[in-house]
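The structure appears below as structure tokens.
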Amino acid sequence: MTDTKHPPGLKYLSEFITEEKEAELIRFVEELMASEETKSSGQFCRNCHPHLLFCLNLRCFIGDFLKNRTTLHFGYQFRYGKNDLDLDTPIRPIPGELCGDILQKLVECGCVTRIPDQLTVNIYEPGQGIPPHVDTHSVFEDGICSLSLGGAVVMDFSSGAEDPVLQVLLEPRSLLAMLGESRYAWTHGIVPRATDSLANFSTTGQTWRRLRRISFTFRCAKKTPCECDYREHCDSQRALIQTNPGIPNAHPGDFVAEGCRDPKKPASSLEDEYVYQVYERIAPHFSETRHKAWPQIAKFVAALAPGSVLLDVGCGNGKYLGLNDSLIQIGCDRSSNLISICQARGFQVVVSDILALPFRAGSCDGVICIAVIHHLSSEERRVQAIQEIVRLLRLGGRALIYVWAMEQQRKDQKKSTYLKKTRHKEPSPHLNDGGDPSTSDLPFSAAASSCPLPVHVNRTEFKQQDVLVPWHLKNVPSSADKEKPAEPEKVFHRFYHVFREGELRQCCERLADVRVVLEYYDEGNWCIVLEKTAI
């Protein structure tokens with residue numbers, strides 16, 4: 001593409017997928033549109049399996065026949081009358097076998113910060129278009145990604161009525177990613193017309209007739225107020241300013257990582273670098289250290305009635321998903337590599353973010369969340385995660401939550417397994433999420449040099465709550481390389497907020513629709529059982 005005038009923050013990646021992948025995606029859409037379910041009902045998904053967390057039948061149709069295009073929705077249905085998502089009723093997820101490689105590539109190329117959980121497929125017949133618009137700030141996170149299939153089309157961008165329109169040619173198999181200013185402050189649209197011209201993109205002035213075009217628009221659902229810098233365009237901040245006229249700099253959801261000396265570093269950025277990316281790298285080694293279930297968690301799972309729906313939030317390698325065969329067991333984790341390990345073991349799992357779980361409200365009898373919430377770097381995000389767990393519980397349903405404790409040796413009690421464990425002992429069934437296999441003291445490394453948080457010395461008492469904990473990734477040589485010198489192990493750092501006594505309860509008590517049934521300490525972890533008391 002020869003045109004270089006793009007809105008600030010816009011990414012354009014040509015040939016993002018192969019011709020073979022393009023044909024596969026188009027074939028999927030055409031078969032879906034031709035199916036009997038599509039022809040017969042626009043609400044089939046909700047009617048066919050009303051008790052499932054989400055419909056597993058990919059042939060169910062949720063979409064809209066609009067006057068200027070046809071749409072299909074995955075993950076969450078976009079409601080055009082309200083310009084929002086129905087977050088309480090997730091629909092069929094984005095098909096993993098079809099789009100899994102695309103989703104991962106979107107994260108790797110920096111178009112999104114996490115795996116998208118909402119997909120809208122737009123089908124444009126020749127001559128159709130879409131009015132100029134900005135995707136609602138409060139509904140979607142930064143990073144709107146549109147993959148073009150079929151015919152080429154020109155998309156118009158504008159930052160205001162008096163400013164010139166910038167045109168971008170969307171070629172087949174190209175990806176358009178709107179980030180920053182282009183996402184939040186520029187409208188984008190396609191003029192409904194039968195032909196387009198290349199006059200702005202080449203010297204030939206070529207004009208062509210439009211063909212049928214299909215776009216796959218991947219987005220991340222947002223469940224917190226928008227925090228962008230474009231307040232005059234932002235529905236979240238306009239509402240905040242209207243309700244707080246005396247606070248000119250009011251900024252919703254300003255979740256800055258606690259303990260981080262850089263106030264401009266958002267919590268999500270710190271977690272991406274020191275949690276999500278790390279687990280992607282260490283997933284196989286991490287899985288090797290996680291085998292035996294902890295007794296109190298196994299007891300909670302065993303107590304659920306046969307036929308109950310159990311969700312494991314942050315399921316890791318799935319070690320708790322096979323404990324009770326009488327249950328309907330589903331797992332989710334942010335790490336796609338850990339999810340792949342679970343899938344290889346035959347478990348029903350999905351990639352998802354704990355702050356935006358893709359399941360129906362009231363769909364679970366029990367939820368377990370083991371060693372996950374302590375990876376969130378602000379109190380608001382930790383409370384939000386607990387609220388998401390509670391949202392999924394039915395009335396009377398219960399959740400078990402474990403977080404790492406700052407008190408690894410309580411008064412008049414023995415040391416936790418974490419403090420007692422040495423390099424020469426076998427892994428303990430109580431080995432918590434901070435218990436990596438190496439006990440050597442470690443100074444700051446290059447991996448942690450960009451973060452002002454201290455690096456914790458393994459197997460010692462915690463000196464503060466917000467720390468980076470080392471994980472030593474051992475290099476195991478293959479049989480053919482036994483004679484070669486062993487490569488030095490790599491060290492990665494994971495962010496932790498270790499909880500003081502009573503802190504987890506305080507977070508839970510901020511919610512109005514639950515009660516704390518049980519609170520206890522288990523081998524260096526604070527643990528709570530919650531029960532949902534209201535809907």
Apply side chain to side chain contact (heavy atoms under 4.5 Å, CB included) to the pair Leu25 and Ile102, showing each step before the final yes or no. CA-CA 11 Å; Leu25 294 172; Ile102 297 174; 4.0 Å; yes
Side-chain donor-acceptor pair under 3.5 Å between Glu523 and Tyr402, yes or no? no
Over 60° means perpendicular and under 30° means parallel, so tell me whether Phe216 and Phe218 are parallel, tilted or perpendicular. tilted
Minimum heavy-atom distance between Cys109 and Leu13, given as atom pair plus value: SG-CD1, 4.1 Å
May I ask you to test the Val275-Arg494 pair for a side-chain heavy-atom distance under 4.5 Å? no
Tell me whether the count of non-hydrogen atoms from other residues, nucleotides or ligands lying under 6.0 Å of CZ in Arg281 goes above 12. no
Taking Ala283's backbone N and O only, do any of them form a donor-acceptor pair with Ser287's side chain (distance below 3.5 Å, no angle check)? no
Is it true that Asp365 and Arg394 have a side-chain N and a carboxylate O under 4.0 angstrom from each other? yes
Of Lys222, Arg183, Arg114, the residue whose pairing with Glu141 passes salt bridge (charged side-chain N to carboxylate O under 4.0 Å, His left out): Arg114
Identify the heavy atoms of Val112 and Gly143 that sit nearest to each other, and give their distance. CG1-O, 3.7 Å
First locate atom CD of Glu271, then atom OH of Tyr276, and finally report the distance between them rounded to the nearest 0.5 Å. 5.0 Å
Side chain to side chain, Phe499 and Ile373, heavy atoms closer than 4.5 Å: yes
Got Leu103 and Ser336 here, is their nearest side-chain heavy-atom distance under 4.5 Å? no
Correct closest heavy-atom pair for Tyr76 and Pro358 would be OH-CA, 3.3 Å
Heavy-atom check, side chain of Phe359 versus side chain of Ile330, under 4.5 Å: yes
Leu176 vs Lys11, test: side chain to side chain contact (heavy atoms under 4.5 Å, CB included). Steps then yes/no. CA-CA 6 Å; Leu176 184 79; Lys11 281 189 177 183; over 6 Å; no
Please round to the nearest 0.5 Å and tell me the distance separating atom SG of Cys527 and atom CZ of Phe300. 12.0 Å
Whether over 12 other heavy atoms sit under 6.0 Å from Lys105 NZ: yes
Are any non-hydrogen side-chain atoms of Arg398 and Leu518 less than 4.5 angstrom apart? no
For the backbone of Ile339 and the side chain of Asp333, can you confirm whether one donor and one acceptor N or O come within less than 3.5 Å of each other? no
Lys319 backbone acceptor or donor facing Lys292 side chain under 3.5 Å: no
Starting at CG of Leu327, measure out to CG of Leu321 and round the result to the nearest 0.5 Å. 10.5 Å
Criterion ring-ring contact (aromatic ring centres under 6.0 Å, His included) against Trp471, the qualifying member of His285, His456, His493: His285
Return the OG to CG distance between Ser146 and Leu170, rounded to the nearest 0.5 Å. 6.5 Å
Side-chain donor/acceptor of Ser335 to backbone N/O of Leu338, under 3.5 Å: yes
Tyr279 versus His375, side-chain donor and acceptor atoms under 3.5 Å: yes
Please check if the side chain of Asn324 supplies one atom and the backbone of Val301 the other of a donor-acceptor pair under 3.5 Å. yes
Please determine whether a side-chain nitrogen of the Lys or Arg among Arg212 and Glu30 lies less than 4.0 Å from a carboxylate oxygen of the Asp or Glu. yes
Answer yes or no: is there a donor N or O on one side and an acceptor on the other, between the side chain of Arg219 and the main chain of Gln118, under 3.5 Å? no
Tell me, please, which residues at least two apart from Gln329 pass side chain to side chain donor-acceptor pair (under 3.5 Å). none
Anything under 30° is parallel, anything over 60° is perpendicular, the rest tilted; go ahead and classify Phe78 against Phe140. parallel
Quick one, Thr70 and Met33 - any side-chain contact, counting heavy atoms below 4.5 Å? yes
Under 3.5 Å donor-acceptor, Glu280 side chain and Asn337 backbone: yes
Hey, mind stepping through Arg92 and Leu72 against side chain to side chain contact (heavy atoms under 4.5 Å, CB included) and telling me if it holds? CA-CA 11 Å; Arg92 56 187 174 181; Leu72 305 172; 4.2 Å; yes
Would you call Glu24 and Lys21 a salt bridge, taking side-chain N to carboxylate O under 4.0 Å as the test? yes
Atom pair CG/CZ of Leu357 and Arg391 - distance to nearest 0.5 Å: 6.5 Å
Closest contact, heavy atoms only, Cys508 versus Val516: CB-CG2, 4.3 Å
Determine, stepwise, if the pair Ser174 / Tyr12 fulfils side chain to side chain contact (heavy atoms under 4.5 Å, CB included). CA-CA 7 Å; Ser174 68; Tyr12 182 88; 3.3 Å; yes
Gly150 backbone acceptor or donor facing Glu22 side chain under 3.5 Å: yes
Shortest non-hydrogen contact from Leu376 to Arg381? CD1-O, 3.5 Å
Are Asp142 and Thr113 packed together at the side-chain level, in the sense that at least one heavy-atom pair is separated by less than 4.5 angstrom? no
With a 4.5 Å heavy-atom cut-off, do Phe347 and Asn317 have their side chains touching? no
Asp117 side chain to Ala221 main-chain N or O, any donor-acceptor pair under 3.5 Å? yes
Rounding to 0.5 Å, atoms CD1 (Ile297) and CG (Asp522) come to a distance of 7.0 Å
For the residue pair Gly314 and Val372, what are the closest heavy atoms and their distance? CA-CG2, 3.7 Å
